[in-house]
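Remember, it's 1-based here, ligands and their atoms both numbered in the order they're listed.
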Amino acid sequence: MKIVLIGIQGSGKSTQGNLLSKKLKIPYLSTGHIFRELAKERTNLGRYIKEVMNAGYLIPDDKTLEIVSEYLKRDEYKNGYILDGFPRTPLQAKAFKNGIDKVIYLKVSDKEALWRLSLRNDGEGREDDTLRAIHKRIELFHKFTEPVLSFYKKIGELVEIDGEADIKIIHRQILKVLGVA
Ligand code: AMP
């Protein structure tokens, strides 16, 4: 099964993605994680990605598509995956022809997400998680990722879930829409 999770930062994608991964026994993959790993490399690409990420901007579509497609060719993803953070722009969605089964949108208000992130950042904060970068990411979500939701809605693959509900309830709802509950 190929599943895409969409939601603003702080919407619970990685929590739900990991729960789902355990339940369905398919790997969870976050493009943010891929880019954070690449950003550690002392190469031109690594330095460039680090700079873009730390500002909260998006990596250009062509680079993103190239990197994600390359990753998904790995053997571990041949039976499916749970993708978090991609596709994030209409161009990425249109170019990505991997036969996605369902796109799950975890809907959370900006206010709730900012509240959750402010709590999360007290502990193990990410280097790219400055308040400014978080605001930029939320802004870019509305600008570029909301049209992606419309794209998947039109082709009947989108499911919207209240991401402000309890973690277990959300998990059960996701399983239900996937037909595994
Ligand atoms: P995330 O962990 O999903 O918040 O992603 C962290 C950062 O990685 C983003 O702010 C972008 O700079 C980059 N990134 C992750 N996924 C994508 C994507 N699909 N397209 C472009 N940039 C991305």
Write out the residue and atom name of the closest protein heavy atom to atom 22 (N) of ligand 1, then the distance separating them to 0.1 Å.
Ile59 N, 3.0 Å
Can you tell me which residue and heavy atom of the protein come closest to atom 9 (C) of ligand 1, and the distance to 0.1 Å?
Arg88 NH2, 3.6 Å
Atom indices of ligand 1, in the order listed, that fall short of 4.0 Å to a heavy atom of Phe86:
19 (N)
Using 0.5 Å steps for rounding, measure from the CD1 atom of Ile8 to the NZ atom of Lys13.
9.0 Å
So if I count the atoms of ligand 1 from 1 in the order they appear, which ones are less than 4.0 Å from some heavy atom of Thr64?
18 (C), 19 (N), 20 (N), 21 (C)
Let me see the working for Glu51 and Arg47 under salt bridge (Lys or Arg N to Asp or Glu O under 4.0 Å), right down to the final yes or no.
CA-CA 6 Å; Glu51 203 175 307; Arg47 277 187 285 271; over 6 Å; no
If we only count N/O pairs under 3.5 Å, is Tyr57 in contact with ligand 1?
yes
With clusters defined by side-chain heavy atoms of hydrophobic residues (ILVMFWY) lying less than 4.5 Å apart, directly or transitively, does Val177 cluster with Leu5?
yes
N/O separation below 3.5 Å, Gln9 to ligand 1:
no
Ranked by distance from atom 10 (O) of ligand 1, the top protein heavy atom is Arg137 NE, 2.8 Å
Identify the closest protein heavy atom to atom 19 (N) of ligand 1: which residue and atom is it, and at what distance?
Gly85 O, 2.8 Å
Between Ser30 and ligand 1, is there a nitrogen or oxygen pair with a distance under 3.5 Å?
no
Heavy atom to atom 8 (O) of ligand 1, shortest distance: which of Glu51, Lys63, Lys50, Met53 holds it?
Met53
Using distance alone, determine whether Phe35 and ligand 1 share an N or O pair under 3.5 Å.
no
Between Asp101 and Lys2 (side chain of the first, backbone of the second, donor and acceptor by atom type, cut-off under 3.5 Å), is there such a pair?
yes
Within a reach of under 6.0 Å around CG of Leu45, are more than 12 heavy atoms found that belong to other residues, nucleotides or ligands?
yes
Residue and atom name of the nearest protein heavy atom (relative to atom 20 (N) of ligand 1), distance in Å to one decimal
Gln92 NE2, 2.9 Å
Relative to Tyr71, does Arg74 satisfy both conditions: NZ or CZ under 6.0 angstrom from the six-membered ring centre, and within 45 degrees of the ring's axis?
yes
Should the ring pair Phe86 and Phe96 be called parallel, tilted or perpendicular, given that the plane angle runs from 0 to 90° and is split at 30 and 60?
perpendicular
Is the backbone of Arg88 close enough, under 3.5 Å, to the side chain of Thr145 for a donor and an acceptor to pair up by distance?
yes
Check for me whether Arg36 has a heavy atom closer than 4.0 Å to any atom of ligand 1.
yes
Flag Thr31 as yes when one of its N or O atoms lies below 3.5 Å from any N or O atom of ligand 1, and as no otherwise.
yes
Counting N and O atoms only, with roles assigned by atom type, does the side chain of Gln16 sit under 3.5 Å from a partner on the main chain of Ile167, one being a donor and the other an acceptor?
yes
